[in-house]
Amino acid sequence: MDIETIKTPLLSVVIPCFNEEEVIGETVKRLNAFCSELVNLDVELIFVDDGSHDRTPELLRSFAAEDSRIRLILFARNFGHQIAVTAGIDAASGDAVVLIDADLQDPPEVVHEMIAKWREGYDVVYGTRTERPGESAFKRATARGFYRLLNRLSDVPIPLDTGDFRLMSRSVVDTLNAMPERDRFVRGMVSWVGFKQIALPYKRAARFAGESKYPLRKMLRFATDGILSFSTKPLQVSVGLGMLCAALALAGILYALALRLFTNMWVEGWTALMIAVLFIGGVQLISVGILGEYVGRIYSEVKNRPLYIVQEYVGFNQAGPKMSRSPVVVYK
Ligand code: UDP
Ligand code: MG
């Protein structure tokens with residue numbers, strides 16, 4: 001083959017950032033060190049600023065001005081981690097795409113092992129956390145519980161203790177890009193896609209600096225998204241509860257009728273009545289709530305708004321990013 005036609009493969013690294021001014025400088029340094037160790041592989045570093053209100057965008061701009069491998073996607077507001085990751089994957093033009101957190105909890109050095117697996121022919125190499133230092137016992141316990149519950153509920157097996165830290169081949173990325181859904185639980189979607197996948201155990205580091213950008217509220221939202229977008233079992237559970245109530249109600253009705261017809265004790269039973277009313281009321285509310293969650297999701301799909309709004313793309317070449325779901329596109 002003509003030597004000129006052999007192109008060095010490109011690796012895209014996607015880094016979502018939300019208020020990471022304390023970390024980002026160090027992250028860029030570590031990623032630079034990582035890039036300089038790569039053999040026969042070009043790199044682009046795609047930072048997605050998820051509407052930070054600290055100095056993260058300014059810092060990113062100054063890094064991008066110095067380094068042509070750095071590209072920026074600046075969101076018009078905070079859209080959340082999973083959407084930020086999606087925008088990065090959309091824009092990536094690499095033969096493989098790596099997702100990595102900005103806080104250096106996922107060590108860039110592990111990516112070398114991911115690349116080795118990719119070169120062996122795997123399409124997805126996902127990092128499985130063997131240790132999670134620096135995270136609260138509460139976070140570790142809820143995360144453990146969540147992944148196990150999700151796996152029991154979901155129709156697709158989703159690997160345990162696995163975050164978004166992973167490498168994906170171009171085939172997987174193109175498939176993800178073709179999935180239009182809004183509730184983007186990226187790690188679940190990647191499992192659903194299939195192809196040749198392999199786990200890579202690694203030790204998760206503590207956050208380099210700053211605080212977790214996942215408060216309890218966001219964690220709950222994330223967990224609900226994961227479960228509801230990969231399972232309709234909550235609906236089945238609410239049907240089951242409804243049936244149970246109906247059965248109990250039938251027994252109660254027969255009992256009340258028997259008392260009324262065959263005894264003279266029929267004024268009693270207020271307690272049973274209250275219990276029945278409250279219990280059935282509770283179950284009904286829960287079931288309607290679960291139904292509401294699904295209907296709400298249908299509503300948001302039907303509105304069909306763009307998934308994210310990009311205020312500015314920086315450092316992409318003339319043709320712009322490979323793909324964008326944002327209507328307003330400004331290249332600089
Ligand atoms: N992040 C984001 N948007 C958000 C919240 C978080 O882009 O709304 C980014 C954050 O900057 C980090 C990654 O997502 O790079 C993971 O967040 P974090 O480290 O705070 O979560 P944790 O590791 O505590 O679960
Ligand atoms: Mg983190």
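In each ligand, atom 1 is the first atom listed, and ligand 1 is the first ligand listed.
Cluster membership check: Phe34 shares its hydrophobic cluster with Phe47, using side-chain heavy-atom separations under 4.5 Å among Ile, Leu, Val, Met, Phe, Trp and Tyr. Leu45 and Met323 fall into different hydrophobic clusters, where Ile, Leu, Val, Met, Phe, Trp and Tyr residues are linked whenever their side-chain heavy atoms come under 4.5 Å apart, directly or through other members. Residue Leu10 is not grouped with residue Leu99 when hydrophobic side chains (ILVMFWY) are merged at heavy-atom distances under 4.5 angstrom, including chains of intermediate members. Follow the hydrophobic side-chain contacts under 4.5 Å out from Val23 and you never reach Ile15; the two are in separate clusters.
You'll find the ring centres of His81 and Tyr214 inside the 6.0 Å limit.
Residue contact check: Lys139 has heavy atoms under 4.0 Å from atoms 22 (P), 24 (O), 25 (O) of ligand 1. Heavy-atom proximity to Pro16, at under 4.0 Å, picks out these atoms of ligand 1: 7 (O), 9 (C), 10 (C), 11 (O), 12 (C), 15 (O). Set against the non-hydrogen atoms of Cys17, the atoms of ligand 1 under 4.0 Å away are 7 (O), 11 (O). Heavy-atom proximity to Lys218, at under 4.0 Å, picks out these atoms of ligand 1: 4 (C), 5 (C), 8 (O). Of all the atoms in ligand 1, the ones that sit under 4.0 Å from a non-hydrogen atom of Gly80 are 3 (N), 8 (O). Taking every heavy atom of Ala102 and a limit of under 4.0 angstrom, the matching atoms of ligand 1 come to 15 (O).
Scanning the protein for heavy atoms near atom 12 (C) of ligand 1, the closest one is Glu20 OE2, 3.5 Å. Protein heavy atom at the shortest distance from atom 3 (N) of ligand 1 is Asp50 OD2, 2.6 Å. Among all non-hydrogen protein atoms, the one lying nearest atom 6 (C) of ligand 1 is Lys213 CB, 3.6 Å. Summary of contacts: the protein heavy atom closest to atom 21 (O) of ligand 1 is Tyr214 CD1, 3.3 Å. Of the protein's non-hydrogen atoms, Phe18 CB, 3.7 Å is the one closest to atom 1 (N) of ligand 1. Closest protein heavy atom to atom 18 (P) of ligand 1: Arg207 NH2, 3.5 Å. Of the protein's non-hydrogen atoms, the one nearest atom 24 (O) of ligand 1 is Ser212 OG, 2.6 Å. Closest to atom 23 (O) of ligand 1, if we only count protein heavy atoms, is Gln105 OE1, 2.6 Å.
Between Ala84 and ligand 1, a contact under 3.5 Å exists for no N or O pair. Close N/O approach between Glu211 and ligand 1 is not found [any backbone or side-chain N/O within under 3.5 Å].
Contact annotation: for Asn78 versus ligand 1, heavy atoms closer than 4.0 Å belong to the side chain alone. Counting heavy atoms under 4.0 Å from ligand 1, residue His81 touches it through both backbone and side chain.
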Practice task
Could you walk me through whether Ile309 and Phe79 pass side-chain contact (heavy atoms from CB on, under 4.5 Å), step by step?
Solution key: CA-CA 9 Å; Ile309 307 292; Phe79 280 89; 3.8 Å; yes

Practice task
Go through the steps to decide whether Gln82 and Asp164 satisfy the test side-chain hydrogen bond (donor to acceptor under 3.5 Å, both in side chains), and finish with yes or no.
Solution key: CA-CA 9 Å; Gln82 298 292 299; Asp164 286 326; 2.8 Å; yes

Practice task
Walk me through it: do Asp103 and Phe208 pass the test side-chain contact (heavy atoms from CB on, under 4.5 Å)?
Solution key: CA-CA 6 Å; Asp103 60 1; Phe208 177 75; 5.8 Å; no

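Taking the six-membered ring for Trp and thresholds of 30 and 60 degrees, Phe146 and Phe222 have ring planes inclined between 30 and 60 degrees apart.
Closest heavy-atom approach to atom 13 (C) of ligand 1 among the candidates Asp103, Asp106, Asp101, Thr56: Asp101.
Ligand 1 lies out of reach of Met219, whose nearest heavy atom is not under 4.0 Å from it. Note on ligand 1: Arg204 sits in its first shell, one or more heavy atoms being nearer than 4.0 Å.
Test Val173, Val172, Leu176 against Val97 for side chain to side chain contact (heavy atoms under 4.5 Å, CB included) and you get one pass: Val173.
When atom types are taken as modelled, the side chain of Arg182 and the backbone of Arg305 share a donor-acceptor pair closer than 3.5 angstrom.
Comment: Glu44 engages Arg71 in a salt bridge, judged by a side-chain N to carboxylate O separation of less than 4.0 angstrom. Using a 4.0 Å cut-off between charged side-chain N and carboxylate O, Arg61 and Glu58 make no salt bridge. Ionic pairing of Arg204 and Asp101 is present here: one or more N-O contacts between side-chain nitrogen and carboxylate oxygen are shorter than 4.0 angstrom.
Enclosure of atom OH in Tyr255 is not indicated, since only 12 or fewer non-hydrogen atoms of other residues, nucleotides or ligands lie within 6.0 angstrom.
Protein atoms of type N, O or S found under 2.8 Å from the Mg ion (ligand 2) total 2.
Screening residues 84-98 for salt bridge (charged side-chain N to carboxylate O under 4.0 Å, His left out), with sequence neighbours left out, gives Asp90-Arg325.
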